[in-house]
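The model shown is predicted, which means the values in this text are computed figures rather than measured ones.
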Amino acid sequence: MERTKKTSADRLYKAFIYVALITLAVTIIIPVAWVFMASVKENSEFYGNPWALPAGFYIQNFADAWGKARMGEYMLNSVLVTALALVILLVVALPAAYALSRFEFRGRKLLNAAFMGGLFINVNYIVVPIFLMLVDGDKFLRGLLGDGLLLNNIFVLAVVYASTALPFTVYLLSGYFSTLAHDYEEAAYIDGAGYGRTMVKIIFPMAQPSIITVILFNFLSFWNEYIIAMTLLSDPKGGKTLPVGLMQLTQAQQSAAQYGQLYAGLVLVMLPTLILYICVQKKLTQGMTLGGLKG
């Protein structure tokens with residue numbers, strides 16, 4: 001009798017989980033599909049039934065969004081900023097996480113506490129102080145060099161991205177590094193390898209799942225970031241990243257009633273992240289689980 005009750009409860013629980021997952025999937029899939037359909041509609045089609053299928057594939061929307069709305073330029077800026085931020089982040093975070101997780105030295109606990117504290121700081125709350133620091137820095141550089149270099153600079157934006165992502169990245173990597181056996185390093189030291197060579201040739205290849213997770217997670221974060229990019233790239237004539245350019249396109253096309261071009265811009269922003277996530281979702285989940293359980 002108890003076994004029957006337990007089986008019924010399990011079935012009811014599984015049914016609830018399936019219903020909840022299907023509901024969440026529908027609430028995500030339908031809006032995304034609607035945006036893709038809207039991106040190939042002509043403007044006249046938006047004044048009828050919003051759920052009607054497109055009469056054809058009006059690809060001109062993408063050409064207009066790419067050229068006239070400068071989304072191609074914005075995409076190039078996003079690619080450069082994201083790539084630079086990832087390179088800077090990995091160059092700093094990998095050695096830092098390795099040292100914090102594998103060696104005992106004075107100040108190690110303080111550094112660990114600082115990185116842990118950084119996990120609880122929402123970068124959106126400190127955008128204004130960052131902006132004011134860069135403004136003061138530009139004033140100093142203008143007096144010294146005659147021109148400012150810190151604001152409206154893609155490289156500076158990449159540095160800010162990397163620095164704000166550093167606490168989480170070091171936390172995740174150090175948690176994984178600390179689980180690796182020291183026997184591999186000792187064998188490398190016996191063979192004459194130094195600390196740097198051991199780190200690059202032995203530890204990093206073994207920590208590949210966690211490193212891939214860090215790269216993918218931060219790529220999605222940098223690619224979709226809006227508030228910092230909007231604040232630091234404030235020149236109307238200067239380069240923008242995709243999210244900032246998309247917001248400007250939204251404001252411009254709503255008044256111009258160019259809805260097809262607007263949704264084509266949305267697709268250009270979403271498509272790279274959707275493709276990347278679909279391709280690597282298993283590795284992303286696996287790396288996050290390894291880093292979380294073993295850390």
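- Counting only heavy atoms from C-beta outward, the side chains of V81 and F222 never approach each other to under 4.5 Å.
- When side chains are defined from C-beta on, S78 does not count as touching P272, because their heavy atoms never get closer than 4.5 Å.
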Let me see the working for S39 and V267 under side chain to side chain contact (heavy atoms under 4.5 Å, CB included), right down to the final yes or no.
CA-CA 7 Å; S39 67; V267 171; 3.7 Å; yes
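- Counting heavy-atom neighbours within 6.0 Å of Y13 OH, excluding the residue itself, gives a total of 12 or less.
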What do the steps show when you test I88 against F155 for side chain to side chain contact (heavy atoms under 4.5 Å, CB included), and what is the final call?
CA-CA 10 Å; I88 295 170; F155 179 78; 4.0 Å; yes
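- Pairing each heavy atom of A162 with each of A85, the nearest pair is CB-O, 3.6 Å.
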The test is side chain to side chain contact (heavy atoms under 4.5 Å, CB included); show your working for F115 and L166 and say whether it passes.
CA-CA 8 Å; F115 281 117; L166 192 60; 3.9 Å; yes
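- The line from CE of M247 to NZ of K240 is 12.5 Å long, rounded to the nearest 0.5 Å.
- By the 4.5 Å heavy-atom criterion applied to side chains, E45 and P54 are counted as neighbours.
- A donor-acceptor pair is defined here as one N or O able to donate and one able to accept, closer than 3.5 Å; such a pair exists between the side chain of N61 and the backbone of K41.
- Other residues, nucleotides and ligands place more than 12 heavy atoms under 6.0 Å from the CZ atom of F103.
- Residues L232 and L150 fail the side-chain proximity criterion, which asks for heavy atoms closer than 4.5 Å.
- Note that the CZ atom of F204 and the CG atom of L90 stand 9.0 Å from one another [nearest 0.5 Å].
- Remark: Q208 CD is loosely packed, at most 12 non-hydrogen atoms of other residues, nucleotides or ligands lying under 6.0 Å away.
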If you apply the rule side chain to side chain contact (heavy atoms under 4.5 Å, CB included), what do you find for V214 with L173, and how did you get there?
CA-CA 8 Å; V214 164; L173 290 174; 3.8 Å; yes
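- W51 and V26 fall within the same hydrophobic cluster, defined by Ile, Leu, Val, Met, Phe, Trp and Tyr side-chain heavy atoms under 4.5 Å apart, directly or through other members.
- With rounding to the nearest 0.5 Å, the separation of CE in M71 from CG in D64 is 12.5 Å.
- Within the 4.5 Å cutoff, the side chain of L246 has no heavy atoms near those of the L242 side chain.
- Closest approach of A65 and G265 over heavy atoms only: CB-N, 4.1 Å.
- For the pair Y176 and P209, the minimum side-chain heavy-atom distance is below 4.5 Å.
- Taking the six-membered ring where tryptophan is involved, the planes of W223 and F219 are essentially parallel, since the angle between them stays under 30° and well short of 60°.
- Between T273 and N224, the side chains place no donor N or O within less than 3.5 Å of an acceptor N or O (distance only, hydrogens not considered).
- Between Y189 and Y195, the distance from one ring center to the other falls under 6.0 angstrom.
- Checking side-chain atoms of E225 against main-chain N and O of I227 turns up a donor-acceptor pair under 3.5 Å.
- Under a hydrophobic-cluster definition in which Ile, Leu, Val, Met, Phe, Trp and Tyr are linked whenever side-chain heavy atoms come within less than 4.5 Å, directly or via other members, M199 and V91 are assigned to different clusters.
- Counting only distance, with no hydrogens or angles, the side chain of R102 and the backbone of A97 share no donor-acceptor pair below 3.5 Å.
- Taking a 6.0 Å sphere around CZ of R197, one finds it holds 12 or fewer heavy atoms contributed by other residues, nucleotides or ligands.
- A single hydrophobic cluster is seen to contain both L119 and I121, as judged by linkage of ILVMFWY side chains at heavy-atom distances under 4.5 Å, directly or through other members.
- If you take CG on L144 and CG on L149, they are separated by 10.0 Å, rounding to the nearest 0.5 Å.
- Transitive grouping of hydrophobic side chains (ILVMFWY, heavy atoms separated by less than 4.5 Å) keeps Y18 and L12 in distinct clusters.
- Counting heavy atoms from C-beta on, the side chains of Y226 and T241 never come closer than 4.5 Å.
- Hydrophobic clustering (ILVMFWY, side-chain heavy atoms < 4.5 Å, transitive): V170 and V87 are in distinct clusters.
- In this structure, OG1 in T164 is found 7.5 Å from CD1 in I126, a value given to the nearest 0.5 Å.
- For the atom pair L76 CG and R70 CZ, the distance stands at 12.0 Å (nearest 0.5 Å).
- Partner of Y263 under the ring pair (Phe, Tyr, Trp, His ring centres under 6.0 Å) criterion, out of F36, W34, Y58, F62: W34 alone.
- When all heavy atoms are compared, the tightest approach of T169 to A165 is OG1-O, 2.8 Å.
- In this structure, the side chain of S101 engages the main chain of Y98 through a donor-acceptor pair within 3.5 Å.
- With a 4.5 Å cut-off on side-chain heavy atoms, L94 and F177 count as touching.
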